[in-house]
Amino acid sequence: MATASPAERTVIENGAIATVDAGDTEYASGHVVIAGNRIESVGAGRAPEGLENVVRRIDATGHLVTPGLVNTHHHFYQWITRGLATDHNLFNWLVALYPTWARIDEPMAYAAAQGSLAMMARGGVTTAMDHHYVFPRGSGDLSGAIIRAARETGVRFTLARGSMDRGESDGGLPPDFAVESLDGALAATEATVKDHHEASFDAMTQVAVAPCSPFSVSTELMRQGAELARRLGVRLHTHGSETVEEEKFCHELFGMGPTDYFESTGWLGEDVWMAHCVHMNDSDIAAFARTGTGVAHCPSSNARLAAGIARVPDMLAAGVPVGLGVDGTASNESGELHTELRNALLINRLGAHREAALNARKALRLGTYGGAQVLGRAAETGSLEAGKLADLVLWRMDTLAHSSIADPVTALVFGAAAPVTASFVNGRRIVEDGRLLTVDEEAIARSTRDEAQRLARIAAQG
């Protein structure tokens with residue numbers, strides 16, 4: 001009888017380790033052993049002696065080892081519309097950009113996804129997500145193109161299959177040819193789940209049901225979308241409470257605020273997470289905490305669009321799951337999540353809690369375990385613990401940028417963006433010394449520039 005071959009092991013030693021486990025366990029000098037696609041052991045000092053089938057040893061002296069970063073909100077297609085409408089608030093920004101976004105096609109979506117994913121992955125993201133909701137007629141297989149780019153990059157990935165059925169003729173912002181019918185959106189979403197969603201512990205691709213927002217989606221699409229997600233056993237995602245204008249819209253159209261509207265359509269629960277949640281009162285936060293509804297906090301985008309400061313400290317105190325999001329790169333041109341650790345901390349200290357709002361370790365938790373919670377994957381990733389998936393990052397802390405900061409977690413969060421020496425996803429190394437091993441960064445830079453220029457020409461022609 002044939003026996004399974006032993007798992008190949010990677011041994012990482014001599015680095016500072018922030019596990020982000022339930023006790024925030026840290027080691028000033030410790031080890032992580034990867035066996036196959038799992039973390040086999042984490043602890044102080046050197047790795048156990050006598051390990052078999054060790055194929056790689058990494059001396060992590062001068063490094064901080066953390067769980068990989070988890071991005072909980074993004075719009076990849078916006079990579080090819082960066083740097084536009086830079087002095088607009090959210091509503092005017094949408095008005096300015098929807099006519100361009102409505103012209104996107106499959107090659108554009110693929111190139112933009114490549115650019116978005118590459119930028120995040122080389123900066124320590126091991127689990128990414130994309131909320132894609134623009135499906136112009138005749139544009140091709142956009143969902144398939146995005147998923148293909150994620151697989152090639154090598155990151156763990158959730159596609160939030162978005163939808164809009166409220167076009168200009170129904171009082172929405174997108175052109176009518178860029179929105180779907182109610183039945184068409186539901187059918188296409190179900191097909192995407194059935195074609196691409198993996199339910200296994202080590203799933204690399206998952207799909208969520210994700211109507212865009214209350215002002216671009218009918219109540220029936222919200223309600224039936226929630227029913228579809230629960231019938232298929234997948235998560236739900238949308239934008240919520242992003243601006244004061246959205247709150248006014250909900251009161252005028254539905255006779256209630258956004259949170260009450262979401263609850264009335266089945267959109268609160270442990271299987272739901274929402275982007276932004278900037279304008280939340282005490283009862284809104286209590287409803288999210290009571291139902292286990294998660295939040296994707298996008299500090300840079302909220303600042304870029306002057307949306308406001310989300311009440312993250314109050315959400316965390318109430319028990320609301322909170323992760324970090326890049327948001328689309330037309331409202332966060334850097335497209336990097338590791339900079340959001342710092343921005344989340346700094347921006348929240350401008351709010352009511354001031355210097356007590358967040359500290360370095362809370363910010364790191366938002367970007368790792370918090371994100372895994374929000375995506376429903378906290379049992380598998382988000383912390384460095386034996387049995388979890390081997391998604392982890394080695395940040396170099398001994399260069400000019402960080403070497404004089406004694407505490408490496410403080411250095412990572414408060415300091416400049418740290419270089420990534422190694423990033424592992426599912427036990428596979430995808431970054432080495434700040435360079436992606438899975439895709440050609442220069443080729444992606446050329447293709448995204450070309451597709452951005454092609455989109456601009458098409459949009460200019462009307």
Please answer whether the main-chain N or O of [Y] pairs with a side-chain N or O of [X] as donor and acceptor at a distance below 3.5 Å.
{"X": "Arg311", "Y": "Cys277", "answer": "no"}
{"X": "Trp395", "Y": "Leu412", "answer": "no"}
{"X": "Glu198", "Y": "Ala203", "answer": "no"}
{"X": "Arg151", "Y": "Met204", "answer": "no"}
{"X": "His279", "Y": "Ala307", "answer": "yes"}
{"X": "Asp176", "Y": "Ser169", "answer": "yes"}
{"X": "Thr293", "Y": "Gly269", "answer": "yes"}
{"X": "Asn348", "Y": "Pro313", "answer": "no"}
{"X": "Thr238", "Y": "Cys212", "answer": "yes"}
{"X": "Arg396", "Y": "Ala418", "answer": "no"}

- Message: Working note: Arg304 + Asn332, criterion side-chain contact (heavy atoms from CB on, under 4.5 Å); need CA distance, chi angles, decisive distance, verdict.
- Response: CA-CA 7 Å; Arg304 156 76 146 85; Asn332 179 1; over 6 Å; no
Are [X] and [Y] close enough that some pair of their side-chain heavy atoms sits under 4.5 Å apart?
{"X": "His251", "Y": "Lys248", "answer": "no"}
{"X": "Leu305", "Y": "His88", "answer": "no"}
{"X": "Ser116", "Y": "Asp130", "answer": "no"}
{"X": "Val70", "Y": "Gln373", "answer": "no"}
{"X": "Leu90", "Y": "Glu245", "answer": "no"}
{"X": "Phe262", "Y": "Pro214", "answer": "yes"}
{"X": "Val179", "Y": "Asp165", "answer": "no"}
{"X": "Gln224", "Y": "Pro211", "answer": "no"}

- Going through the checks in order, is the side-chain contact (heavy atoms from CB on, under 4.5 Å) test met by Arg428 and Thr438? CA-CA 10 Å; Arg428 175 193 183 195; Thr438 51; 3.4 Å; yes
To the closest 0.5 Å, what do you measure between [atom1] ([X]) and [atom2] ([Y])?
{"X": "Leu358", "Y": "His297", "atom1": "CG", "atom2": "NE2", "result": "7.0 Å"}
{"X": "Glu451", "Y": "Thr81", "atom1": "CD", "atom2": "OG1", "result": "13.0 Å"}
{"X": "Asn71", "Y": "Glu340", "atom1": "CG", "atom2": "CD", "result": "8.5 Å"}
{"X": "Ile444", "Y": "Leu117", "atom1": "CD1", "atom2": "CG", "result": "8.5 Å"}
{"X": "Tyr261", "Y": "Glu246", "atom1": "OH", "atom2": "CD", "result": "10.5 Å"}
{"X": "Leu142", "Y": "Arg161", "atom1": "CG", "atom2": "CZ", "result": "8.5 Å"}

- Item | Single hit among Thr381, Asp202, Asp391 for side-chain hydrogen bond (donor to acceptor under 3.5 Å, both in side chains) with Arg156 |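 Passing option: Asp391.
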- Query: Which of these passes side-chain hydrogen bond (donor to acceptor under 3.5 Å, both in side chains) with Glu441: Arg446, Gln114, Arg122?
  - Reply: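 Filter result, single survivor: Arg122.
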- Message: I'd like to know whether Met280 forms a side-chain contact (heavy atoms from CB on, under 4.5 Å) with Phe288, so could you lay out the CA-CA distance, the side-chain angles of the two residues, the decisive distance to 0.1 Å, and finally the verdict.
- Response: CA-CA 10 Å; Met280 302 264 283; Phe288 273 54; 3.6 Å; yes
- Taking the six-membered ring for Trp, are Phe76 and Phe157 parallel (under 30°), tilted (30 to 60°) or perpendicular (over 60°)?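 Parallel, since the angle between the ring planes stays under 30°.
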- Specify whether His75 and Tyr77 have parallel, tilted or perpendicular ring planes, treating 30° as the upper limit for parallel and 60° as the lower limit for perpendicular.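 Taking Tyr77 first and then His75, their aromatic rings sit tilted (interplane angle of 30° to 60°).
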Which heavy-atom pair separates [X] from [Y] by the least distance, and what is that distance?
{"X": "Leu341", "Y": "Ala363", "answer": "CD2-O, 3.3 Å"}
{"X": "Gln78", "Y": "Ser331", "answer": "OE1-N, 4.0 Å"}
{"X": "Ala416", "Y": "Ala401", "answer": "CB-CB, 4.4 Å"}
{"X": "Arg166", "Y": "Ser218", "answer": "NH2-CA, 3.9 Å"}
{"X": "Asn343", "Y": "Ser300", "answer": "ND2-OG, 2.7 Å"}
{"X": "Trp273", "Y": "Ala296", "answer": "CD1-CB, 4.1 Å"}

- Pair His239-His237, side-chain hydrogen bond (donor to acceptor under 3.5 Å, both in side chains): steps then yes or no: CA-CA 7 Å; His239 295 90; His237 181 58; over 6 Å; no
- Query: Is a salt bridge present between Asp105 and Arg454, judged by a nitrogen-to-oxygen distance below 4.0 Å?
  - Reply: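 Yes, Asp105 and Arg454 are salt-bridged.
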- Task: Answer yes when Glu190 and Lys194 have at least one side-chain N-carboxylate O distance shorter than 4.0 Å, and no when they do not.
- Result: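 Yes.
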- Message: As a quick check of understanding, evaluate side-chain hydrogen bond (donor to acceptor under 3.5 Å, both in side chains) for Asn281 and Ser283, giving each step before the final call.
- Response: CA-CA 6 Å; Asn281 59 32; Ser283 64; 2.8 Å; yes
- Query: Heavy-atom count around Phe91 CZ within 6.0 Å, excluding the residue itself: above 12?
  - Reply: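 Count not over threshold, so no.
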- Message: Pair Leu345, Arg342 - check side-chain contact (heavy atoms from CB on, under 4.5 Å), show working.
- Response: CA-CA 5 Å; Leu345 184 148; Arg342 185 173 192 262; 5.9 Å; no
- Message: Under a 3.5 Å threshold, yes or no: a donor from one side chain and an acceptor from the other, between His276 and Asn302?
- Response: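 Per modelled atom types, His276 and Asn302 side chains form a pair under 3.5 Å.
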- Side chains of His196 and Ser143, donor plus acceptor under 3.5 Å: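 Side-chain D/A pair, His196 to Ser143: absent.
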- Message: The test is salt bridge (charged side-chain N to carboxylate O under 4.0 Å, His left out); show your working for Glu432 and Arg435 and say whether it passes.
- Response: CA-CA 5 Å; Glu432 182 172 8; Arg435 299 288 297 177; over 6 Å; no
- Query: Which one of Thr72, Leu366, Val320 satisfies the side-chain contact (heavy atoms from CB on, under 4.5 Å) criterion with Val374?
  - Reply: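 Exactly one pass, corresponding to Thr72.
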